[in-house]
Structures are given as C-alpha cells and as structure tokens.
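Quick caveat, the model's predicted, so the values are computed rather than measured. First listed ligand is number 1; within each ligand, the first listed atom is number 1.
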Amino acid sequence: MSGPLILSIESSCDETGIAVIDGGRRILGNVVASQVAMHAATGGIVPEVAARAHLRWIVPVLDEVWADAGIAWSDLSAVAVTYGPGLAGSLLVGVNFAKAVAWVHDLPLIGVNHLEGHVYAAWLLDPDEADRAEPVFPLVALVVSGGHTFLVEMHDHLTYRLMGSTVDDAAGEAFDKVGRLLGLGYPGGPAIGSAAEAATARDRVFPRAWLPGTYDFSFSGLKTAARRVVTEARLAAGLAGDPGTPLPDDVVAELAWGFQDSVADVLTTKTIRAAREVGARCIVLGGGVAANSALRARLAGEAEALGMPLIVPRPGLCTDNGAMIGAAGARRFAAGEWAGLDLDARPSLPLATR
Ligand code: KG4
Ligand code: ZN
C-alpha cells in the first residue's frame, strides 16, 4: 500500500501519542508523552487526572511530531483518532482535538478502534528501517494489553473473528497486580519482566488455567495463587509482621519468573494451537504485554518450529502510541470508512464477535 499520509492521535488511556504515517506503514514522526511516572505516585490510573494530562500535553506532542515529520498541512490525507475502547475522559480529549484539526484543515476524519491499532502496529516501519515483508492472511493475532487479552483470526484487512478472550482479568492487569504484591510498584509489567530476567532459581511453578476446549484465558486464579505464595514467602523470611520491609530481591525474582512463565506458557500454547487450527500464514502479537521479552522469545521459538513467522513490533510500538492508530487508520481511509465530525467517544467499543 502506498499513499495516504495520516496524522494519527491516541489518547485512550495514559499515553498521549501522535504520529504521521505514510502509506499505512512508514513512520515519519511518532511522539508519546507517557503519564506512567505521574500515575506511579497513586499506584494506578486516576481517570480524571489522566484526562487532564492529555489536555495538558496534546498540543506540545503535536508540535514535536510536526517538527520531526517535516511535512505541510496540505500533504495530509486524513486525521485518524482512537474513539474507543478506553477511558471516557481521555478519549474525549483526543477525539475533540482530532475533530478540530480535521475541521480547520478540511481533512477527512477516521475513527479507529484502539485494539485494531494494536494489531496494525505489526505493519509499521521505523523511519530508517529497511523494508520488510508485511503480515499475510490468514493470520492469528494475540493482543495482550492492560485492559484486554484476546485472540482474533483475520482473513483480510479490517475483518476480525474473535477466537477467545479473557474471562476475567487482562494479562497486563495480572502483571500490574502481581507487581504490586511483590512490592515492585506501578506498572508491574515491565518491573516483573526485569525482575524475572535476574532470577537465578527458575523452577517455581505457578498454576495455569487452560480452560480446555476454548481459546479463552483466565488470570484471576493465578493472581490468587500469587497472593498466597507471597504470603508464604513473607512468613518464611520472617517478614509476616513487618509489611514495610520488602521480600529479598532473589525471592522476588524467583516469584516474578514463575508468574511470568505461567502467563507466557498459556498465551503461547493457545496462540500456537489457534494458528494451527486456522492454517495461519503468520502470527501477530501486540499490546503492552507484547513488550515482555519472555513472551516474545517463547512465542517466536514455537512459531519458528512450525515454520510460521511471528510478527511483533519493537517494544515501544507494543505499548500505546499514535503510530499504530495511523497504520489502522490508513486502511480505514483506503476503505472509504470516514467518520463524520459528530464522531463520539465509545468507551466500550468492541473489536470483534465470535
Ligand atoms: O497496550 P498498553 O500500553 O495499554 C493498554 O491498552 O492497556 O498496555 C499496558 C500494559 C500494562 O498492564 C503494563 O504493565 C503491560 O502492558 N506491560 C508489560 C510490559 N510492558 C508493559 N507487561 C509485561 N512485560 C512488559 N515488558
Ligand atoms: Zn493499548
């Protein structure tokens, strides 16, 4: 695909992301202002605080992207924006901003599903990256983020059949909760990843919820098991009556490794099974948890054994960003799916049905 030059805006959760994407693939500019440090103070996201931070940063982020991309307004084909799912207040900031830009510059407005963005991140190319093969259909995509965990089958662009999804927590939510239990702060995902890499004892087995006969996932039992194991470890370390003292680093590392191994095992096994059933020609992995190196390595290894390419963006394009919205937005633009200037935010927007 060559062609449309898309200005794309993402503000569904706690990252203000804006990008300029050429032909649905090439990143000309991509800036993300993260609120992670701010939300670390409260141990999680406070929706109103997140919305106000988008309001504060959206114009400076656009200024920076604009300087990087080096294009004129008249070069643009459309403005794409995430309109759901996500936090209502956060979405409203991005949608309203995108409308204003589209109206002022007389550009088509494209509404993009955030989850579709995580899938389409697999198409992106960095500014100086050599061209490489794009994902081919049919494919199976696993999206693992802070709010969602699901497997979809795609036989063509923009068409999704839901194969399975979490019946309780999202994988990222489980990482964040267990990170908190281990005293690793917010967000738990990256912290568990680094703690696990330092683990010397790699034999702790956490439970796996297989939910046989389905492609669904469940992480709440794993979270309960982690709570029990942390309590036992604190007792064993003589810290039961001393909540202010953290567990020793080597124990945290061992438990982080065991938890991560359980999540990576279930996600990989089900994804590979789904890919075989569908006769997929490739597997796409996306969403914040796809930044996890153990999951990436495990899925890459098993996909390679099947002779099936795994396409996973670099970690910075797995977590929320504007570029992925431009990649998906370019496809919607090409399909003539333009939104009206009455586009509304849809906090519970679904991606696919079974
Ligand atoms: O896709 P994302 O940036 O935002 C949502 O759409 O939810 O995903 C955020 C989630 C958080 O739960 C975070 O802890 C997790 O992705 N995450 C990771 C890693 N980096 C981010 N989880 C495991 N390992 C990582 N390296
Ligand atoms: Zn996301």
H157 and Y120 aromatic centres sub-6.0 Å: yes
Sub-4.0 Å atoms of ligand 1 with respect to non-hydrogen atoms of G147: 7 (O)
Per-atom filter on ligand 1: closer than 4.0 angstrom to a heavy atom of H114 are 6 (O)
heavy-atom search around atom 11 (C) of ligand 1 in the protein gives D176 OD2, 3.6 Å
Using a strict 4.0 Å cut-off to heavy atoms of G172, name the atoms of ligand 1 that fall inside it. 12 (O)
Just which atoms of ligand 1 are under 4.0 Å from any heavy atom in G189? 14 (O), 18 (C), 19 (C), 22 (N), 23 (C), 24 (N), 25 (C)
Given the rule in the side-chain contact (heavy atoms from CB on, under 4.5 Å) test, do W73 and W66 qualify, once you have shown the distances and angles that lead to the verdict? CA-CA 10 Å; W73 284 105; W66 207 247; 3.6 Å; yes
Give the residue, atom name and distance (to 0.1 Å) of the protein heavy atom nearest atom 10 (C) of ligand 1. G146 N, 3.5 Å
Within the structure, does E15 bring an N/O atom to less than 3.5 angstrom of an N/O atom in ligand 1? no
Could you give me the CA-CA distance, side-chain angles and deciding distance for W123 and R25, then say whether side-chain contact (heavy atoms from CB on, under 4.5 Å) is met? CA-CA 6 Å; W123 270 263; R25 295 200 78 188; 4.3 Å; yes
Pick from R161, M154, H155: which one makes a side-chain contact (heavy atoms from CB on, under 4.5 Å) with P138? H155
For F217 and F219, take the angle between the two ring planes, folded into 0 to 90°, and tell me which bin it lands in: parallel under 30, tilted 30 to 60, perpendicular over 60. parallel
Is C13 close enough to the Zn ion (ligand 2) that one of its N, O or S atoms comes in under 2.8 Å? no
Closest protein heavy atom (residue, atom, distance) for atom 17 (N) of ligand 1: G288 O, 3.5 Å
With a cut-off of 2.8 Å, does any N, O or S atom of H148 fall short of it relative to the Zn ion (ligand 2)? no
Ligand 1 atoms in contact with A291 (distance to a heavy atom under 4.0 Å): 20 (N), 26 (N)
Is there a donor-acceptor pair under 3.5 Å between the side chain of S8 and the backbone N or O of G322? yes
How are the rings of Y186 and H39 set to each other: parallel, tilted or perpendicular (split at 30° and 60°)? perpendicular
D320 atom OD1 and H114 atom NE2 as seen from the Zn ion (ligand 2), angle to 10 degrees: 100°
I need the nearest protein heavy-atom contact for atom 2 (P) of ligand 1: residue, atom name and distance, please. D320 OD1, 3.3 Å
